[in-house]
Structures are given as structure tokens and as C-alpha cells.
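Labels below follow one simple rule: chain letters A, B, ... track the order of the sequence lines, proteins then strands, and each chain is numbered from 1.
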2 protein chains.
Amino acid sequence: MAESNYHHGDLKNALIAAGVEILAREGIASLSLRSVARRAGVSHSAPYAHFSDKQTLIAAISTEGFRRLYSKLDTALNAHSAEPGRQLVACGQAYMRFALNERDIFKVMFSGVLEQEKEYPEFVEISQATFQLLVKVVDACQEKGILRPAPTDLLATAIWGQVHGLVSLALEKQISHTVLDLHPLDEVLLFTLNQFSQVPLTL
Amino acid sequence: MAESNYHHGDLKNALIAAGVEILAREGIASLSLRSVARRAGVSHSAPYAHFSDKQTLIAAISTEGFRRLYSKLDTALNAHSAEPGRQLVACGQAYMRFALNERDIFKVMFSGVLEQEKEYPEFVEISQATFQLLVKVVDACQEKGILRPAPTDLLATAIWGQVHGLVSLALEKQISHTVLDLHPLDEVLLFTLNQFSQVPLTL
DNA sequence: GCTATAATCTTGACAGTGTCAAGATAAGTT
DNA sequence: AACTTATCTTGACACTGTCAAGATTATAGC
């Protein structure tokens, strides 16, 4: 307990949560070590007991972001078990919605704010696990003849790249107006996924 | 001439050039209004005569980046006129090489550092012109039966998304090691483009 | 239970940043 | 030649990441 701020108890996680909230509420421009400390109610230097520098805090926030993304994808998968085609579409949609709904944490995860990602083992682990989720779906789709035979991880990389690229361009508003006026983003996604598919995928 | 720094002559473009150089030499972390001013040999506030704030300078640097990308793509196109299939592959490669060789300017262009891109007309213009380059190639490919019939701008968006996503994941080192060990990036690119193609594309 | 040690948090400082206001300098216009 | 405007400098402010020194509390060994 304690009104005292000394030995908060779980400041590390509180700082990560504060960071996630700042990203959601105020955006990436407001994410600073000091703002995170303020929101957690501790002094501006307190974070240094838990994070050696800003990059390390960002790595922890990114890792939390991947945990959330993983969870969304997992839910999408479980909603359509034994229907790999639907699983694939649902994953794509979940990825897209996550990016659009949580713009700024998605940006932190994928836009190079984190500079040496390989140095943060927890980050590497959860990001790879997320990819493996997709590999599994792709494999199931191949077995059912929905996707062509091809090296599974290569195909999974291609599909991930496809969805990720679309989402990134959409976030940066680089997708032409005429395209988005004529076709809602869901439809664009479906169109792109269907380039890979042997049988037509639907929503 | 003049040793005097007053009325430099073309400070605006000098600042943009300085920014591009800083991105190439030192990376995005070193890009500040003050570092750009230092490199151009003027005082820390001099940029404010030409850019109302940092975002406006970044918009100008991004615009310059798009000009360079446009030029690379245009060269790739002209190297294979009357062979749309090869043009498509060459464009994809040029896009990839630009991103990998000029990491940090590419990041500035596409990673949300620029926040209200729509407010910078020159930026909008060149980025749309770049997209139109791709639309043209896709259209030519469709006419030759290399790409399926489909709304051209939708197909072009899908293909751009594909290449952009691959490149982004590669830049962030998110593409799995096992994939990149087994398949060089050029091959991954070709594999993905071939998902769209009716006839096999080669390098 | 007491004490030594380690972990955690605060305070205060430093250099670097974006931005603004006031003033100096030079170019262009009449 | 004088006035006006664009351009550049100087100096200031609040904010940032980071570090050093010290205060507070938890923990481990006795």
C-alpha cells in the first residue's frame, strides 16, 4: 500500500501501461520518459531504475503492443477453427483494425522508432510467435488447397507483407483517394488476399 | 557570393539538402532544425525564415525524397520500354533498393514522421505522380495479359502495398531469419509479384 | 530483531531541442 | 537616398534524455 511513492510495487509495469495510454490518448509526439513518469506519479528520473534508456522503455511498450496484436489474431483464429480460408481473412481484418484503432502503438511497433529490436529478447520472441500464428493459417490453407503449394514461410511472408503494406499506406494516407472512394478498405484487403488464393475468399 | 551569411542566396534549398545529407550520414535521430542550420552554416533560428516549423522542413525533405524515388522509378521504366512485365519487376526492385539504400529518408517519407501530409501540396503532388507511374505500368501489363483484368488503380494499390509491405518489414528486420536465409530478398520480391501475374515474371 | 546491503525513488544539474521575440543587416523599390 | 521588406542573428524559454548524489525502503544474513 502506502501513500509513499517509494517502492511503488510495480512501477515497471505501471510505466509501460502509462506509455500505452499516452500513445492512445495523446499520440507518439507526447511519449517521453518524463510524461510517462508524470502519468505514473513518480519523479522524472524514476524510470531509470527500470529502463536503462528511452529505447528500452520503447522496446517494452512495443512488446506489450505485440502481445495485444497476438491476442487479437488468436481470437480471430479461434472464431473460425477448421475453416482456414475464413481464418486468413479474419486475421487480415484483425491486423488492419488493430493498426487503424491503435495507430500510434502500431507505429511504435513497426515504424523504426525502436532501433535495435534484436537486442530485446522479449520483443523478438513475441513478434516471432505472432508470425508463427500466420504461418499456421497459411499451412492449413495450403492443405485445403486454398493456397498454392509453395514454401510456407515464404508465402506467409508475402501475405504478411501484403497486408502490412496496405495498412501502412492507409495509415499514412498514401492510398489514393479515388481508390478509397470507390472501394472500402475491407474490400481492398479482400481483393489483395484473393490474389494469393485458389478459391475466392469472402468476408 | 559574399563571405557574409546574411542573404545566403538559396538557404531554403541548402537547408533541404543539408537535411537529406544528415539523414544519409547520421540517420533520423540527428535530424533537427538546429543540426540542419549548423550544416548550412547559419544560426539556429535562420530556418524560420523559410520553414514555419519542423514539420514544414520535414515535408520539404520528404518531397525531395519522393522526387528521387520518382526519378529512380522513371529510369527503371525507361530501361524496359515496351516490356511491361520487366518494367513491373524493375520498378519493384528500384523501390526496394531505394528503401534499403536510403533507409532514413525512406522512413521519413513513409513512417509517419510527417504528420499532416495533406497540408503540403508539393508533397501530395509528387507522391501522387509516383503512384501514377505504377498505375501506368499496371495498365500496360493488363493490356498484354500479364496481369488479370481488374480495376487498375485497385490492382496498382495492391501491388504497391505488396512491395511496400515487404520492404517495410525488411527494413524493420521483421522478416524471419529462416526466410531470408533461404531466399534472398530479390527472390522474395519476385515470388510476391508473381502472385499477381498470369505469366511467370523473371529478373 | 538488528544491521548491512541492495533496490528504488527524488532532487538537482547539464546539454540539446523547437520555438518565439527583438534586433541587425542587406536587397529591392520608389 | 529613404523606405520597406526579406533574411539572418542573438538571446531567451520550456521541454527533453541523461547522469550524479542523496534519501528512503525492502531484503538477507546474522
If you check the B:A46 side chain, which of D:dT16, C:dC9, D:dC8 turns out closest? D:dC8
Nearest-neighbour nucleotide for the A:A49 side chain, C:dC9, D:dC8, D:dG17 considered: C:dC9
Rounded to whole Å, how long is the line connecting atom [atom1] of [X] with atom [atom2] of [N]?
X     : N      : atom1 : atom2 : value
A:L11 : C:dC9  : CG    : C1'   : 9 Å
B:K12 : D:dA6  : NZ    : C1'   : 13 Å
A:L33 : D:dT18 : CG    : P     : 6 Å
B:K54 : C:dT17 : NZ    : C1'   : 8 Å
A:L15 : C:dT8  : CG    : C1'   : 12 Å
B:Q55 : C:dG18 : CD    : P     : 11 Å
B:F51 : D:dA6  : CZ    : P     : 17 Å
A:H50 : C:dA7  : NE2   : P     : 12 Å

Answer with yes or no whether B:R34 presents, from its side chain, a donor or acceptor under 3.5 Å of a partner atom in the base of C:dG18. yes
What class does the angle between the rings of A:F106 and A:H164 fall in, given that below 30° is parallel, 30 to 60° is tilted and above 60° is perpendicular? tilted
Taking only side-chain N and O atoms of B:S43, does any of them lie within less than 4.0 angstrom of OP1 or OP2 on D:dC8? no
Look at A:R97 together with A:D186 and state whether they make a salt bridge at an N to O cut-off of under 4.0 Å. yes
Would you tabulate the side-chain donor-acceptor contacts of residues 78-87 of chain A under 3.5 Å, counting partners in other chains and residues two or more places apart, or write 'none'?
from  : atom 1 : to     : atom 2 : distance (Å)
A:N78 : ND2    : A:D74  : O      : 3.2
A:R86 : NH1    : A:L203 : O      : 3.3
A:Q87 : NE2    : A:L77  : O      : 3.1

Determine the minimum heavy-atom distance between A:S197 and A:L147, stating which atoms define it. CA-CD2, 4.0 Å
In this structure, is the centre-to-centre distance between the rings of A:F191 and A:H183 below 6.0 Å? no
Please say which of B:D10, B:V20, B:V36, B:L33 ends up in a side-chain contact (heavy atoms from CB on, under 4.5 Å) with B:L15. B:V36
Do B:F131 and A:Q174 make a side-chain contact, defined as non-hydrogen atoms from C-beta onward lying under 4.5 Å apart? no
Mind listing the N/O atom pairs, protein and nucleotides 19-21 of chain D, below 3.5 Å?
from   : atom 1 : to    : atom 2 : distance (Å)
D:dC19 : N4     : A:S45 : OG     : 2.4

